[in-house]
2 protein chains.
Amino acid sequence: MLMQTIRTNSTPVPGRPQFGTFETGLFASAAELSGMSLSYGRDEEIYGEGEDAEFVYKVASGAVRTYKLMRDGRRQIGEFHLAGDFFGFDIGGRHHLTAEAVIDSKVLVFKRRQVEAVVAHNLDAARELWLMTANHLQHAEDHMLLLGRKTARERLAAFLLEMDARNGDTGLIELPMLRRDIADYLGLTLETVSRSFSELQCEGVVELDGARHVTLRKRAMLEAMGA
Amino acid sequence: MLMQTIRTNSTPVPGRPQFGTFETGLFASAAELSGMSLSYGRDEEIYGEGEDAEFVYKVASGAVRTYKLMRDGRRQIGEFHLAGDFFGFDIGGRHHLTAEAVIDSKVLVFKRRQVEAVVAHNLDAARELWLMTANHLQHAEDHMLLLGRKTARERLAAFLLEMDARNGDTGLIELPMLRRDIADYLGLTLETVSRSFSELQCEGVVELDGARHVTLRKRAMLEAMGA
DNA sequence: CGGCCACTTGATCCGACTCAACCTGCGTGG
DNA sequence: CCACGCAGGTTGAGTCGGATCAAGTGGCCG
């Protein structure tokens, strides 16, 4: 299940497996945990909704989207996972979303059973795990407000601020994902995302240098829209 | 805007505080935890977004909504909490949503510090807490798909199935909340909710007996829409 | 240089929102 | 016990934001 979609444009199992750990802070008390590093090509599936959750993951480099799909193809991306983020901690031993690499990515893979074993006897690790899940929940709560109640411009503004915040609030954003991904994250169509980008640029709120590189020019205006 | 609706027809602090516990299953290993029972009248606030999270709660009877509010009044209800549900476990010591009684409700209140103390030395309790949060996250993931990608009819269908599932899949639903609450939960307007109810009724999918009592007539049809 | 994929832009459409009128059931007081 | 008031709900007419359908454009890679 993990490897079924291995594509020829990637190296799912690198020649020399590298090892990583749950490092500083997260599961620091569980240094015995180590994971193999795997590579996934763009759009390659890491795991699918409904599959056995044998592993949990940490993004080493690149970007991962987790989403739900409807039978007719409608897709809702729940979260983007960037370098340093964990994902795949679903309950009940089954994944409830599908995970795919947005761009070529390296991911650390940990045996779920090992993680559970650690959490089952290590209070600090258990707390870390809870905090991680609680943070995802908080993100989801904010995102529900966005999806249920915000306009297209407000959604894009919030998205740009979120991406910027993840990059240290530099005002310089390099988007790893395509318009379609942004659209499926924000509950819009790609055309509407594109139009909203154009609008913000016309108003001098952001500056686009190609489709992927964004510079925030009027952060206050974005923040006024986002909330 | 938030407080304006506090009404005088309620008894926030009852004359004789009762005591309850985290009972069977949940925090079973932490029998020392006990909470005072409080009563809240309809639309009464239990806690506000941004407030110190001094307590955590369990619904004894009634129904509670937790929601986020925008400055201009747009509201997104994240979840309805019914009898037996816990709520208010926000991280960082602050509540990230507002909680209000949907109807007159009784709620068990627990000191957050006590809960944290238990969780900090009891692995079973820690696991329970994580599971609880992970379940909320799973609900939020489903709800993001609904809010981002589903039509009005599909949203209402999913809502009715969710409410029915909470009542043991009897097909008989007594809704505690008003159209406005349903709308703010589903990311719609109350008019659209009302219209969708009427449509489903015309098609014989549901039967309405007053606005609050719903009987599911064609569950398969609802399920086909909901997913 | 050619081709394609991603993106942008334009024209039209449609589902849900808005605004407004009208029901309906229930509690209350005369 | 009835009439009134009103909160909540339904229904209708018209509007609008974002979706859809359809060209075009741009940039990158081969």
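Each chain gets a letter, A, B and so on, in the order the sequences are listed, and its residues count up from 1. If you're wondering where the values come from, they're calculated on a predicted model, not measured in any experiment.
The residues B/K111 and B/E54 are annotated as salt-bridged, a charged nitrogen and a carboxylate oxygen being separated by less than 4.0 angstrom. Residues A/D184 and A/R65 are not paired through a salt bridge, judged by the lack of any N-O separation under 4.0 Å between the basic side chain and the carboxylate. Using a cutoff of 4.0 Å between basic side-chain nitrogens and carboxylate oxygens, B/D85 and B/K58 are not scored as salt-bridged. Under the 4.0 Å criterion applied to side-chain N and carboxylate O atoms, B/E154 and A/R74 are assigned as salt-bridge partners. Of the charged side-chain nitrogens involved, none lies within less than 4.0 Å of a carboxylate oxygen, so that B/E223 and B/K218 do not count as a salt-bridged pair.
Separating the CG atom of B/L190 from the C1' atom of D/dT10 is a distance of 10 Å, rounded to the nearest angstrom. Rounded to whole Å, the distance from CD on A/E191 to P on D/dA23 is 14 Å. In this structure, CG of A/L200 is placed 15 Å from C1' of C/dT8, rounded to the nearest angstrom. Here the P atom of nucleotide D/dG9 and the CZ atom of B/F197 are 10 Å apart, to the nearest Å. The separation between A/L178 atom CG and D/dG26 atom C1' is 15 Å, rounded to whole Å.
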For this session: Output, in order, the C-alpha distance, side-chain angles, deciding distance and verdict of salt bridge (Lys or Arg N to Asp or Glu O under 4.0 Å) for A/E199 and A/R195.
Result: CA-CA 6 Å; A/E199 283 176 34; A/R195 269 184 254 274; over 6 Å; no
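Rounded to 10 degrees, the angle separating the terminal axes of the helix from C/dC1-D/dG30 to C/dG30-D/dC1 is 30°, with each axis obtained from five end pairs.
Between C/dC26 and B/R212, no contact under 4.0 Å exists linking OP1 or OP2 to a side-chain N or O. Residue A/S198 places at least one side-chain N or O under 4.0 Å from the OP1 or OP2 atom of C/dT9.
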Between the protein and nucleotides 13-18 of chain D, are there any N/O to N/O pairs under 3.5 Å, and if so, what are the atom names and distances?
unit_1 : atom_1 : unit_2 : atom_2 : d
D/dG18 : OP1    : A/A152 : N      : 2.8

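Mapping A/R149 and A/V193 onto DNA chain C by nearest heavy atom places A/V193 at the nucleotide closer to the 5' end.
Side-chain contact, A/E174 with A/H213: a donor N or O sits under 3.5 Å from an acceptor N or O.
With B/F55 as the aromatic partner, B/R112 does not meet the cation-pi criteria of under 6.0 angstrom to the ring centre and within 45 degrees of the ring axis.
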